[in-house]
Structure formats: C-alpha cells, structure tokens
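Below: one structure, written as structure tokens.
Quick note: numbers below take in every heavy atom, side chains included, and nothing from hydrogens, waters or symmetry partners.
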Amino acid sequence: MTDDAAMLGLAGKNGLVTAAGDGIGRASALAFARAGARVLISDISAEGLDETARLIREAGGEVESMIGDASSEEVAEAMVARVVELWGSLDFAHNNAGIGAANAPFADQDRAAWERMFSVNVFGTMVFMKHELRQMESQGHGAIVNTSSMAGKSGSPGLSPYNASKWAVNGMTQTAAVEYAAKGIRVNAICPGATVTTALRTWKESSPDAYDAVVATIPMRRMAEADEQADAAVWLCSSQASYITGTLLNVEGGDGILGKG
Ligand SMILES: NC(=O)c1ccc[n+]([C@@H]2O[C@H](COP(=O)([O-])OP(=O)(O)OC[C@H]3O[C@@H](n4cnc5c(N)ncnc54)[C@H](O)[C@@H]3O)[C@@H](O)[C@H]2O)c1
C-alpha cells in the first residue's frame with residue numbers, strides 16, 4: 001500500500017460497491033482495495049464482475065462477488081448481510097448503480113422510461129441505503145457514498161427522468177445524513193460530470209465532433225477519468241473526511257461553476 005492509501009484509514013475495513021463490473025464502480029472497488037479494504041462487489045454482468053475481481057486480486061486486494069440487480073431490495077439486503085457474514089462489519093458502502101435515459105424532450109418521455117429509471121437510480125439507492133443504515137446503526141459507525149451526478153444539481157435538457165432521479169439521490173443523501181449524523185454514520189454523494197467510461201468511449205468513436213464540442217465547454221477541457229470519481233468516493237468514506245456529511249461533492253472539472261448539470 002502507498003503512504004497516500006495508508007492515510008485514508010481504510011486498511012482492514014469492509015464494504016460494498018454496486019455496479020462494479022465497469023466504469024466508476026470498477027474504479028471505486030479497485031481504489032478501496034488498494035487502500036487496504038475488503039470489498040464485496042456486485043453487478044448484473046458476470047463477465048464485468050469477474051474482470052473487476054481479477055484486477056483487485058492482481059493488485060493484492062481481497063474481494064468477493066455477488067451477481068445482482070441493484071434495483072432489488074433482496075439484493076441489497078443480501079449484500080449487506082454477506083459483508084457482515086464474511087468480515088464482521090459494514091464500514092463503508094458505495095451505492096453507485098445508475099442508468100441513463102434516452103435523449104428526448106419532457107413531453108416525449110414515456111412513463112415506462114421514468115419507472116425504469118427510478119427503479120434503479122432512486123429505489124435501488126433507497127433500498128441499499130435502508131439496509132446499510134440499519135447495519136451501520138447497529139454497529140454505531142459507517143460511511144455511505146452515493147453516486148449522483150451534476151445532473152442532480154440543475155436542469156438537464158433532454159434527460160428529464162435522469163435529472164429528476166439524481167435530484168432524488170441528492171435529497172436522500174442529505175436527509176439521511178442529518179438523520180444519522182449523531183449515530184456515527186456519514187452519508188455523502190459524488191456528483192460526477194462527464195466521465196470517460198465505456199459508453200462515452202463508444203460515443204467518442206461514433207461522434208467525435210459532438211464529443212469534442214462537449215469537452216470544449218468544460219473548464220478543464222477534458223472529461224474525468226473513472227479513477228478520479230473513485231478517488232473522491234473513497235476519500236468521502238475515509239477517516240480524512242470524518243467531519244463531512246451530507247456533502248454533494250462536484251467532481252466535474254469546473255462545470256458546476258458554470259451552473260451546468
Ligand atoms: N459516466 C458518466 O459520465 C457519469 C456522469 C455522471 C454520473 N454518472 C453515474 O455514475 C454511475 C456509474 O456510471 P458509469 O458511467 O460508470 O456506468 P457504466 O454505464 O459504465 O456501467 C457500470 C456498470 O453498471 C452495471 N449496471 C447497469 N445496471 C445495473 C443494475 N441495475 N444493477 C447492477 N449493475 C448494473 C453495468 O453492467 C456496468 O458494469 C451511475 O450512477 C451514473 O449515473 C456517470
């Protein structure tokens with residue numbers, strides 16, 4: 001472990017990361033493991049999970065996997081119980097799963113798309129938080145980080161279901177933060193701006209001009225790497241963030257200053 005990783009105070013801690021088969025979740029699971037934590041990862045993709053577990057083991061980390069849809073309360077309950085069964089406590093949790101929306105004006109978005117969106121992004125986050133908070137309350141400590149989005153802080157033309165879902169994640173984060181602050185539990189969120197993951201790489205290949213046009217509007221003139229989102233999530237769960245709760249942390253290269261979601 002590097003000195004920087006040791007300073008996070010996560011060595012020997014136990015937790016979970018959802019949607020860890022790719023993107024920000026994979027990077028987060030790896031970052032927690034590099035900080036010396038044991039991590040239970042889940043995803044709907046067995047292939048993605050296997051690859052994340054392989055990368056963690058290759059880095060010398062300890063990992064267990066569970067296939068499961070993060071919108072399911074059964075999966076949430078089972079993951080929390082499994083971490084406790086394996087390692088004795090749930091010290092941190094990164095509720096990262098979230099899906100995107102088809103780009104269309106509000107009046108053209110159908111209810112089924114809203115329901116699917118809310119089932120993963122809102123109810124999925126809610127059921128994980130519920131079971132994590134119960135466990136953490138019984139232990140008297142814990143740190144939760146949700147993956148929200150800059151889309152949860154302003155309007156997002158064309159993406160109304162996604163936008164509303166991330167406002168909901170931010171609301172749940174801040175309400176739980178206050179409710180559990182005196183119980184030794186911290187609840188925060190990262191609010192990523194555009195981050196280079198599989199979908200964005202594909203988009204860059206198919207529409208390089210549109211991709212470059214977005215990049216040109218970002219003050220740092222680049223999109224985030226998944227590792228940069230992961231580092232923020234891990235830090236919020238670390239002992240270095242011990243007096244931070246209810247924070248919706250922009251990780252967006254300066255976009256927030258421009259009021260962009
Ligand atoms: N990438 C970005 O630009 C960006 C920006 C802002 C916020 N976010 C948020 O970050 C989070 C992760 O996004 P990403 O871009 O890394 O994701 P991604 O599209 O790269 O997918 C990551 C993983 O999620 C899994 N997954 C999808 N639906 C699932 C479900 N219902 N249950 C369990 N696993 C599921 C996929 O199999 C995949 O392995 C999401 O909450 C997303 O809204 C991403």
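Not one N or O on the side chain of E225 forms a donor-acceptor pair closer than 3.5 Å with the backbone of E228. Looking only at distances, a side-chain donor or acceptor of K153 sits under 3.5 Å from a matching main-chain atom of L248. Side-chain atoms of N14 never come within 3.5 Å of backbone atoms of L90 as a donor-acceptor pair (strictly under, hydrogens ignored). In this structure, the side chain of T175 does not engage the main chain of M172 through any donor-acceptor pair within 3.5 Å. Remark: the backbone N or O of A104 is paired with a side-chain donor or acceptor of Q109 at under 3.5 angstrom. A distance-only check finds a donor-acceptor pair linking the side chain of R38 to the backbone of G12 [under 3.5 Å]. Panel note: side chain S160, backbone S156; no donor-acceptor pair is recorded below 3.5 Å. Using a distance-only test at 3.5 Å, with no hydrogens or angles considered, no donor-acceptor pair links the side chain of N95 to the main chain of F128. Side chain of T217 to backbone of V214: a donor-acceptor contact under 3.5 angstrom is found. Not one N or O on the side chain of S207 forms a donor-acceptor pair closer than 3.5 Å with the backbone of K204.
In this structure, T195 OG1 and M150 CE are separated by 11.0 Å, a value rounded to the nearest 0.5 Å. Between atom CD of residue Q174 and atom OG1 of residue T247 there is a gap of 8.0 Å, rounded to the nearest 0.5 Å. Atoms CD and CG, on Q135 and D91 in that order, are 9.5 Å from each other to the nearest 0.5 Å. With rounding to the nearest 0.5 Å, the separation of CD1 in I190 from CG in N96 is 6.5 Å. Distance check, rounded to the nearest 0.5 Å: SG of C237 to NZ of K13 gives 12.0 Å. Between S119 atom OG and M117 atom CE the span is 10.0 Å, to the nearest 0.5 Å.
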Inset, instruction - Show your reasoning for whether side-chain contact (heavy atoms from CB on, under 4.5 Å) applies to E62 and R57. - result: CA-CA 6 Å; E62 191 170 341; R57 292 196 181 105; over 6 Å; no

Inset, instruction - Might you work through the side-chain contact (heavy atoms from CB on, under 4.5 Å) test for I67 and L49, ending with a clear yes or no? - result: CA-CA 8 Å; I67 302 269; L49 266 189; 4.0 Å; yes

Legend entry - Stepwise side-chain contact (heavy atoms from CB on, under 4.5 Å) check, H141 with I185: CA-CA 5 Å; H141 74 274; I185 302 166; over 6 Å; no

Legend entry - T147 and H94: CA distance, side-chain angles, deciding distance, side chain to side chain donor-acceptor pair (under 3.5 Å) verdict: CA-CA 7 Å; T147 300; H94 184 181; 2.6 Å; yes

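With no hydrogens or angles considered, a side-chain donor-acceptor pair links S71 and D69 at under 3.5 Å. Remark: the S148 side chain and the N170 side chain contain an N/O donor-acceptor pair separated by less than 3.5 Å. With hydrogens and angles left out, the side-chain atoms of D22 and T198 include a donor and acceptor closer than 3.5 Å. A donor atom on one side chain and an acceptor atom on the other are not found under 3.5 Å apart for S89 and Q139.
One hydrophobic cluster holds both M79 and V187 under the rule that ILVMFWY side chains link at heavy-atom gaps under 4.5 Å. Hydrophobic clustering of Ile, Leu, Val, Met, Phe, Trp and Tyr side chains at less than 4.5 Å, counting indirect connections, unites V234 with L249. A continuous path of Ile, Leu, Val, Met, Phe, Trp and Tyr side chains, each step under 4.5 Å between heavy atoms, connects Y162 with M126, placing both in one hydrophobic cluster. In the hydrophobic cluster analysis, where Ile, Leu, Val, Met, Phe, Trp and Tyr join through side-chain heavy atoms closer than 4.5 angstrom, V169 is grouped together with L133. The same ILVMFWY cluster, assembled from side-chain heavy atoms under 4.5 Å apart, contains both V122 and V75.
Across A35 and L8, no two heavy atoms sit closer than the pair CB-CD1, 4.0 Å. Pairing each heavy atom of I99 with each of N121, the nearest pair is N-OD1, 2.8 Å. Summarising the geometry of T197 relative to I24, their closest heavy-atom pair is CG2-N, 4.2 Å, with the distance given to 0.1 Å. The heavy-atom pair separating I218 from E252 by the smallest distance is CG2-O, 4.1 Å. Between F92 and A37, the closest heavy-atom pair is CE2-CB, 3.6 Å. The shortest heavy-atom contact between A70 and A97 is CB-CB, 3.4 Å.
Side-chain contact between N188 and I144 is absent, with no heavy atoms from C-beta onward closer than 4.5 Å. In this structure the side chain of E47 never reaches within 4.5 angstrom of the side chain of D50, judged on heavy atoms. In this structure the side chain of I41 never reaches within 4.5 angstrom of the side chain of M66, judged on heavy atoms. Taking the side chain as every heavy atom from C-beta outward, E73 and H131 approach each other to under 4.5 Å. Contact annotation: the side chain of V80 approaches that of L16 to within less than 4.5 Å [non-hydrogen atoms, C-beta and beyond]. Looking at W235 and I244, their side chains come closer than 4.5 Å, going by heavy atoms from C-beta outward. By the 4.5 Å heavy-atom criterion applied to side chains, W167 and N163 are counted as neighbours. Side chains of V196 and Y211 form a contact here, defined as non-hydrogen atoms less than 4.5 Å apart.
Checked for salt-bridge contact, E115 and R111 meet the test: a charged N lies under 4.0 Å from a carboxylate O. The existence of a salt bridge linking R134 and E137 is excluded, since no basic side-chain nitrogen approaches an acidic carboxylate oxygen closer than 4.0 Å.
Less than 6.0 angstrom separates the ring centroid of F106 from the ring centroid of W114.
Applying the 6.0 Å contact sphere to CZ of F123 captures no more than 12 heavy atoms from other residues, nucleotides or ligands. Enclosure of atom CD in E85 by more than 12 non-hydrogen atoms of other residues, nucleotides or ligands within 6.0 angstrom is indicated.
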